[in-house]
Amino acid sequence: MMRSLFSGVSGLKTHQTRMDVIGNNIANVNTTAYKSSSMVFSDMISQTTQKASGPNAATGTGGINAKQIGLGVKAGAINTYISGQGAAQSTNNPFDIMINGSSFFVVSNGSENFFTRDGSFYVDGAGNLAMTSTGYNVMGWLPDTEDPTTIKQDTVTALRVMTEANMTYPAQATSQATFAGIIDTNDTNVTSKEGRVVNLEVYDNKGFKYTVRCTLHDADPTADDGMFYLKINDILDSNGKSVVAAGDKISDYVTFGAAAQGPEADITAHLQYSTKDGSFINVGKAKGDTATQSAITFEFKQDKLPSFENITADFSATSNQNNNGSSTFVGSKGGSKSIGSGRKVGEMSGIAIWKDGKIYASYDNGQKRLLGQIAVAQFSNASGLEKVGESCYRTTLNSGEFDGIGVEISADGSSMTTGELEMSNVDLSSEFTSMITTQRGFQANSRVITTSDTLLEELVNLKR
C-alpha cells in the first residue's frame, strides 16, 4: 500500500509538471516566435518480486514471466516544437523580419552569441540593428572593403547600418551625354540665325548642377545637304547665372575635342546626315569626311572649371527627317542605361532589407548602397537548443555548435520577409485538450492516494 501512495504522489507531481508546461504554452500564445513545448511521460523503475524463468523440458513445465510492480511515473522528456513555423503577423515595420524556414537570427549581448526567431528589430542610438526586447545586436557580415558591392562572409559582427559615412552618397560629375531626336530641315528655329536652343544639364564632382546651353543650326539653309552644326553658347549655374567671367569667351571654359570646320570651330561641331534617308552619319567631321564618328567630347578647361569632367556625347540616336516643321532634338545627361549621368550629393531616404538578408540604403539622388547582410545559424538538432529567456536560445552539446560565421539564409532555400513577424506556434485547441486529460490524470492519481489512505486506515482499525 505504501508503494501505491508513492506512485500516486509521483503521478500528481508529474501531471503538475505537465500542467506547468501547458500553462507556459498558453501564457505565450501571443509571444513573438514562441515555440510550444510538450511533455512525454515515462514510467519509473519497477520492483521485481519474482524473476522470470524459462521452460523446463525435463519437467515439461513452461516458463514464468517476471513479477514486477511499478513504482510510479516521471517526466521522460520535455520537447520543444521548434520546427513548427508560426503564422505571419503583418506590422508594416520595415525592421520587422520573419524567417521562412528553419534558420535562426544571430544576436549578441557583447560577450556571447544567442539565437532567436524573434525578428522584431530597430535601429538604436548608435546606428546598430538590434532586438527591440533586449537591445542585443543583430549579427551579420559587412561589405568587402575592396569591393563594397559584395559581402565578405567572415566572423559575424554587429550590423551598424547608420553611420556618418552611410547617411550620404557622394556626388559624381557627368561624364556621358546623349543627344537624340529628329532634326527637321523646315524647323524655322533651326534655320534662323539664333538657332534652336538645346540645353544639356550636367553635374560637377561636387554635385552642383549646371546647364550647358547650346544652339542647333542649319549649316546652309539654302541647301538640303543634311549638314547642321551644334554650337556651345554658355554655361549656367543652378541659379541661371553664367559662369563665364566678363571679358572671357566661352571657349576659355569648354571646347569640342575634335570640332568640325565652321564658325567658331572650337565650340561648334558639324552633324552630318544622309541626303538619301536622313539617317545619322557622323558628328564633328567636315562635310565629305567619310570616317564614321558617333560621339564628340565636351572638353572643360581645368583652370576655369576644375570640378568638371569631360563629357562624351553620343549623337547616334538622331536623324534628319520631316516632322511637320518641328524638331525633337534634345540633349540629356548619361549614356546607355544612364551610365555617366552624374549626380548630386544624396541624402539617405530609406533602408530596405531584401529576402536574402542584404541591407540596402537608398538615397534621394537615385543611388543605393549595400550596408551589410544579416547572417543566420542552422543546427543539426535545433530542438537541442537551450532556452535562455527573451525568446533567445543558447547552443548545447546536443544541438550542434555555431561556427562563428553562420550561413546565408538562401543556402537551404529559406528567405526573410520584412514588415512581418512570426507568431507563436501554440495550438490552443491541442493545449486545452491536453489540459483536460492532465486534469483527469491528476484527479485519478489523487484518488489512488485517498484510496490507499483508506486501506491503511482499515489496517490500523484492525487493532480495535
Positive for side-chain hydrogen bond (donor to acceptor under 3.5 Å, both in side chains) with T185, one of N320, D218, D225: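 One option only clears the test, and that one is N320.
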
Check whether any side-chain N or O of [X] sits under 3.5 Å from a backbone N or O of [Y] as a donor-acceptor pair, and report yes or no.
{"X": "T116", "Y": "S391", "result": "yes"}
{"X": "D204", "Y": "F208", "result": "yes"}
{"X": "D184", "Y": "G325", "result": "yes"}
{"X": "S414", "Y": "S410", "result": "no"}
{"X": "S327", "Y": "F329", "result": "no"}
{"X": "N425", "Y": "S36", "result": "yes"}
{"X": "T178", "Y": "G334", "result": "yes"}
{"X": "T318", "Y": "A180", "result": "no"}
{"X": "R369", "Y": "T168", "result": "yes"}
{"X": "T163", "Y": "N166", "result": "yes"}

Between E408 and K358 (salt bridge meaning N to carboxylate O under 4.0 Å), is one present in this structure?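 No, E408 and K358 are not salt-bridged.
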
D248/K304 ion pair, N-O < 4.0 Å: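 The answer is yes: the pair qualifies as a salt bridge.
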
Between [Y] and [X], is there a side-chain donor-acceptor contact under 3.5 Å, judged purely by atom types and distance?
{"X": "Y273", "Y": "N282", "result": "no"}
{"X": "N24", "Y": "N28", "result": "yes"}
{"X": "N398", "Y": "T396", "result": "no"}
{"X": "Q172", "Y": "N205", "result": "no"}

Taking F256 as the fixed residue, which of F300, F315, F298 is the one that meets the ring-ring contact (aromatic ring centres under 6.0 Å, His included) rule?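 Going through F300, F315, F298 one by one, the ring-ring contact (aromatic ring centres under 6.0 Å, His included) with F256 is satisfied by F298 alone.
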
So which atom in [X] and which in [Y] form the shortest heavy-atom distance, rounded to 0.1 Å?
{"X": "S102", "Y": "R117", "value": "C-NH1, 3.6 Å"}
{"X": "S251", "Y": "K301", "value": "O-CE, 3.6 Å"}
{"X": "V426", "Y": "E431", "value": "CG1-CG, 3.7 Å"}
{"X": "D124", "Y": "A130", "value": "OD2-CB, 4.4 Å"}
{"X": "K74", "Y": "D43", "value": "CE-O, 4.2 Å"}
{"X": "S37", "Y": "I78", "value": "CB-CG2, 4.2 Å"}

Side-chain heavy-atom pair [X], [Y] within 4.5 angstrom cut-off:
{"X": "T80", "Y": "K387", "answer": "yes"}
{"X": "V212", "Y": "N199", "answer": "no"}
{"X": "T14", "Y": "R18", "answer": "no"}
{"X": "H270", "Y": "M227", "answer": "yes"}
{"X": "I97", "Y": "I374", "answer": "yes"}
{"X": "V123", "Y": "N128", "answer": "no"}
{"X": "E299", "Y": "E309", "answer": "no"}

Between D314 and Q176, is the side chain to side chain donor-acceptor pair (under 3.5 Å) condition met? List the steps. CA-CA 8 Å; D314 179 34; Q176 295 187 40; over 6 Å; no

Hey, could you give me the [atom1]/[atom2] distance between [X] and [Y], rounded to the nearest 0.5 Å?
{"X": "D234", "Y": "K241", "atom1": "CG", "atom2": "NZ", "result": "12.0 Å"}
{"X": "S120", "Y": "L421", "atom1": "OG", "atom2": "CG", "result": "5.5 Å"}
{"X": "F179", "Y": "L216", "atom1": "CZ", "atom2": "CG", "result": "9.5 Å"}
{"X": "H217", "Y": "K231", "atom1": "NE2", "atom2": "NZ", "result": "6.0 Å"}

Kindly assign one of parallel, tilted or perpendicular to the pair Y136 and F114, based on the angle between their ring planes and the thresholds 30° and 60°.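 Parallel: the ring planes of Y136 and F114 meet at under 30°.
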
So, using ring-ring contact (aromatic ring centres under 6.0 Å, His included) as the criterion, who are the partners of F115 when residues are at least two apart?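 F379, F402.
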
By ring-ring contact (aromatic ring centres under 6.0 Å, His included), which residues pair with F95, not counting sequence neighbours?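 F95 satisfies ring-ring contact (aromatic ring centres under 6.0 Å, His included) with no other residue.
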
Cationic tip of K368 within the cone over Y360's six-membered ring, i.e. under 6.0 Å and within 45° of the normal?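 Yes, a cation-pi geometry holds between K368 and Y360.
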
Please report the C-alpha distance between S294 and S316 in whole Å, then the side-chain angles of each, then the deciding distance to 0.1 Å, and finally whether the side chain to side chain donor-acceptor pair (under 3.5 Å) criterion is met. CA-CA 5 Å; S294 64; S316 60; 5.1 Å; no

Apply the test side chain to side chain donor-acceptor pair (under 3.5 Å) to residues N233 and T215: give CA-CA distance (whole Å), side-chain angles for both, the deciding distance (0.1 Å), then the verdict. CA-CA 7 Å; N233 293 282; T215 50; 2.8 Å; yes

Show your reasoning for whether side chain to side chain donor-acceptor pair (under 3.5 Å) applies to N310 and T312. CA-CA 7 Å; N310 290 344; T312 301; over 6 Å; no

Strictly by salt bridge (charged side-chain N to carboxylate O under 4.0 Å, His left out), give each pair with a member in residues 88-115 just once, sequence neighbours left out.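 Salt bridge (charged side-chain N to carboxylate O under 4.0 Å, His left out) check on residues 88-115 returns E112-R394.
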
